[in-house]
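To start, the structure itself, in structure tokens.
Just so it is clear: chains get the letters A, B, ... in the order the sequence lines come, proteins before strands, and each one is counted from 1. Fair warning: this is a prediction, and the values are worked out from it, not measured in the lab.
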There are 2 protein chains.
Amino acid sequence: MVKNGRKIVLESGDHAFMQGDSDSKVYFVKSGLLKAYYIRSDGKEHIKSFLPEGSIIGSMVALVDGDPCTFSLVASEPTTAIALPYKVLADVAQSDIGLANALVGFLGTYGKRKEQREYQLLSLSAEDRFALLIETMPDIADRVSQADLASYIGITPQALSRIKRRLK
Amino acid sequence: MVKNGRKIVLESGDHAFMQGDSDSKVYFVKSGLLKAYYIRSDGKEHIKSFLPEGSIIGSMVALVDGDPCTFSLVASEPTTAIALPYKVLADVAQSDIGLANALVGFLGTYGKRKEQREYQLLSLSAEDRFALLIETMPDIADRVSQADLASYIGITPQALSRIKRRLK
DNA sequence: ACGACAAATGAACCTCGGTTAATTACGACG
DNA sequence: CGTCGTAATTAACCGAGGTTCATTTGTCGT
């Protein structure tokens, strides 16, 4: 199935798609690192997730309703990925029960991830969220800037600097 | 399909399932109001979502991995709902392509909701989140306690009281 | 090796929400 | 009608993180 997808090669800074695009796809990250982020109305940027090799990513609203994407996807390192239009997936799933169930697995995993993130944002301090990120993605601190780390955690780079100092 | 489910009648305070249960189900709320919440390790309670008539709810992790539920579901008003074991859903979906695609729709909607909540938690102040809640569920303030409202927003009842005063 | 620009740190000040505790409002019920 | 229990409000104090701006540390490109 994945072999029907198109191979994508991105340099650092290249976008897979932009917030507002409607031709969104599912991306299977083969190597490198993608960053999913959105721009708020006040112009500030927020990082939704880091997507290292092995990740699968796509915009929910695009899959469910065909709405334009709510976030952008950009390469943070030279990256290769397989891109598969949602429409193809959904159409084929209408007749392919194996794929339909694979989709269920994908969506379930996605929901699970977001459920965990919701918990983190509601219950954990910025310091705890930072510790958790380092624990689950030990190499991430060396692969992205402090500003990106802070943005993912939901604080400013200055606050992250303070936290690092607190942890000595 | 839903007609295969079992009808559930709950009084205020009755639980549909508890955090840690493994026999979780999907619930279709027919009337009344359910509250999804979890208990943190420090004993504090956090409200994940309010589920008025028409809502569908279930635990992601239970569906995907068969793991125990990560949250509890309790009636906040006398409530009737249809309960459908996940296992039944998942099993039938293996051979029923229509159901499999319905599941895709359900999970997609769920993911979309969580995506929006993530955005709210990352980008909005407590005051904005309160305003948004009132906007999307105008009657909720009259149906649940101030403490529950505050818990959903992610603040203390005192802070919510302050916010209400600020809004005059 | 040098300068240039971005990234990271640091400091000073402010705001929001948490904590604790006291006070008030509003039941249900004898 | 008064009382007990719960919910909601208010106040005083504190700490985490935001904002702004200055300073240091990198890291490149030539």
Side-chain angles (χ1 to χ4, degrees), chain A residues 11-13 33 35 37-47 50 74-78 117-134 139-168, chain B residues 11-13 33 35 37-47 50 74-78 117-134 139-168:
Chain A
E11 289 307 308
S12 290
L33 180 65
K35 259 179 5 184
Y37 72 96
Y38 52 81
I39 309 282
R40 300 189 317 201
S41 45
D42 64 6
K44 294 209 172 142
E45 170 181 327
H46 260 294
I47 298 208
F50 298 112
V74 67
S76 178
E77 298 173 2
R117 186 124 159 92
E118 175 186 26
Y119 164 77
Q120 291 172 17
L121 290 170
L122 268 177
S123 310
L124 270 42
S125 67
E127 185 168 328
D128 290 341
R129 294 200 303 272
F130 175 63
L132 197 59
L133 175 60
I134 297 304
D139 60 342
I140 196 67
D142 300 321
R143 298 176 71 176
V144 303
S145 73
Q146 196 109 323
D148 279 350
L149 285 180
S151 173
Y152 176 80
I153 293 169
I155 58 178
T156 60
Q158 292 90 327
L160 180 53
S161 185
R162 267 192 298 236
I163 287 174
K164 279 172 48 178
R165 179 156 34 114
R166 268 209 302 272
L167 301 175
K168 259 153 294 139
Chain B
E11 289 307 308
S12 290
L33 181 65
K35 257 179 9 185
Y37 71 95
Y38 53 81
I39 309 282
R40 301 189 317 202
S41 45
D42 64 5
K44 295 209 173 142
E45 170 182 326
H46 259 296
I47 299 209
F50 299 112
V74 66
S76 178
E77 298 172 3
R117 185 122 159 94
E118 174 188 29
Y119 164 76
Q120 290 172 18
L121 290 171
L122 267 177
S123 310
L124 270 42
S125 68
E127 185 169 328
D128 290 341
R129 296 202 298 274
F130 174 64
L132 197 59
L133 175 59
I134 297 304
D139 61 342
I140 196 67
D142 300 321
R143 298 176 73 176
V144 304
S145 73
Q146 195 107 323
D148 278 352
L149 285 181
S151 173
Y152 176 79
I153 294 169
I155 58 177
T156 60
Q158 293 91 325
L160 180 52
S161 187
R162 268 192 298 234
I163 287 173
K164 279 171 50 177
R165 179 156 36 113
R166 269 209 301 273
L167 302 175
K168 260 156 296 125

* Asked: Among residues 145-157 of chain A, which contact DNA chain D at a heavy-atom distance under 4.0 Å?
  -> A:G154, A:I155, A:T156
* In whole angstrom, what separates A:L160's CG from C:dA7's C1'? -> 12 Å
* Residues touching DNA chain D, which here means a heavy atom under 4.0 Å, drawn from residues 123-133 of chain B -> none
* Asked: So do the side chains of A:R117 and A:L122 get within less than 4.5 Å of each other, counting heavy atoms only?
  -> no
* Asked: Between B:R40 and B:H46, is any pair of side-chain heavy atoms under 4.5 Å apart?
  -> yes
* Under the ring pair (Phe, Tyr, Trp, His ring centres under 6.0 Å) test, residues paired with B:F130 that sit two or more places apart -> none
* Asked: Can you find a pair of side-chain heavy atoms, one from B:R129 and one from B:L121, that are under 4.5 Å apart?
  -> yes
* **Nucleotide D:dT10, atom C1' - distance to CD1 of B:I163 in whole Å** => 15 Å
May I have the list of side-chain donor-acceptor pairs in residues 150-158 of chain B shorter than 3.5 Å, sequence neighbours left out?
{"residue": "B:S151", "atom": "OG", "partner": "B:E45", "partner atom": "O", "Å": "3.3"}
{"residue": "B:S151", "atom": "OG", "partner": "B:I47", "partner atom": "N", "Å": "3.0"}
{"residue": "B:T156", "atom": "OG1", "partner": "B:A159", "partner atom": "N", "Å": "3.2"}

* Taking all non-hydrogen atoms of both residues into account, name the closest pair between A:G13 and A:V74 and its distance. => O-CG2, 3.4 Å
* Heavy-atom check, side chain of A:L132 versus side chain of A:D128, under 4.5 Å -> no
* Asked: Taking the side chain as C-beta and beyond, is there a heavy-atom pair between B:S76 and B:S12 under 4.5 Å?
  -> no
* To do: Verify the contact: side-chain N or O of B:R162 to OP1 or OP2 of D:dA12, cut-off strictly under 4.0 Å; return yes or no.
  => no
* Asked: With a 4.5 Å heavy-atom cut-off, do A:V144 and A:E77 have their side chains touching?
  -> no
* Asked: How long is the gap from CZ on B:R162 to CD on B:E127, to the nearest 0.5 Å?
  -> 12.0 Å
* Structure fact -> Taken to the nearest whole Å, CG/B:L122 to P/D:dG18 is 11 Å
* Search all heavy atoms of B:L133 against all heavy atoms of B:F50 and return the closest pair with its distance. => CD2-CE1, 4.4 Å
* Structure fact -> Between CZ of A:R166 and C1' of C:dA8 the distance, given in whole Å, is 17 Å
* Asked: Just wondering, do A:K44 and A:I39 contact through their side chains at under 4.5 Å, heavy atoms?
  -> no
* Any B:K44 side-chain N or O less than 4.0 Å from OP1/OP2 of C:dT19 -> yes
* **Angle between terminal axes - the helix from C:dA1-D:dT30 to C:dG30-D:dC1, 5 pairs each end, rounded to 10°** => 30°
* Got a second to check how far B:I163's CD1 is from B:R165's CZ, nearest 0.5 Å? -> 11.0 Å
* Asked: Which letters describe nucleotides 21-29 of chain C, given B = protein heavy atom under 4.0 Å from base, S = only from sugar-phosphate, - = neither?
  -> B--------
* Looking across every strand, which nucleic acid part, if any, lies under 4.0 Å from A:R165 by heavy atom: base, sugar-phosphate, or nothing? -> sugar-phosphate
* Could you check how far CG of A:D142 sits from P of C:dA8, rounded to whole Å? => 11 Å
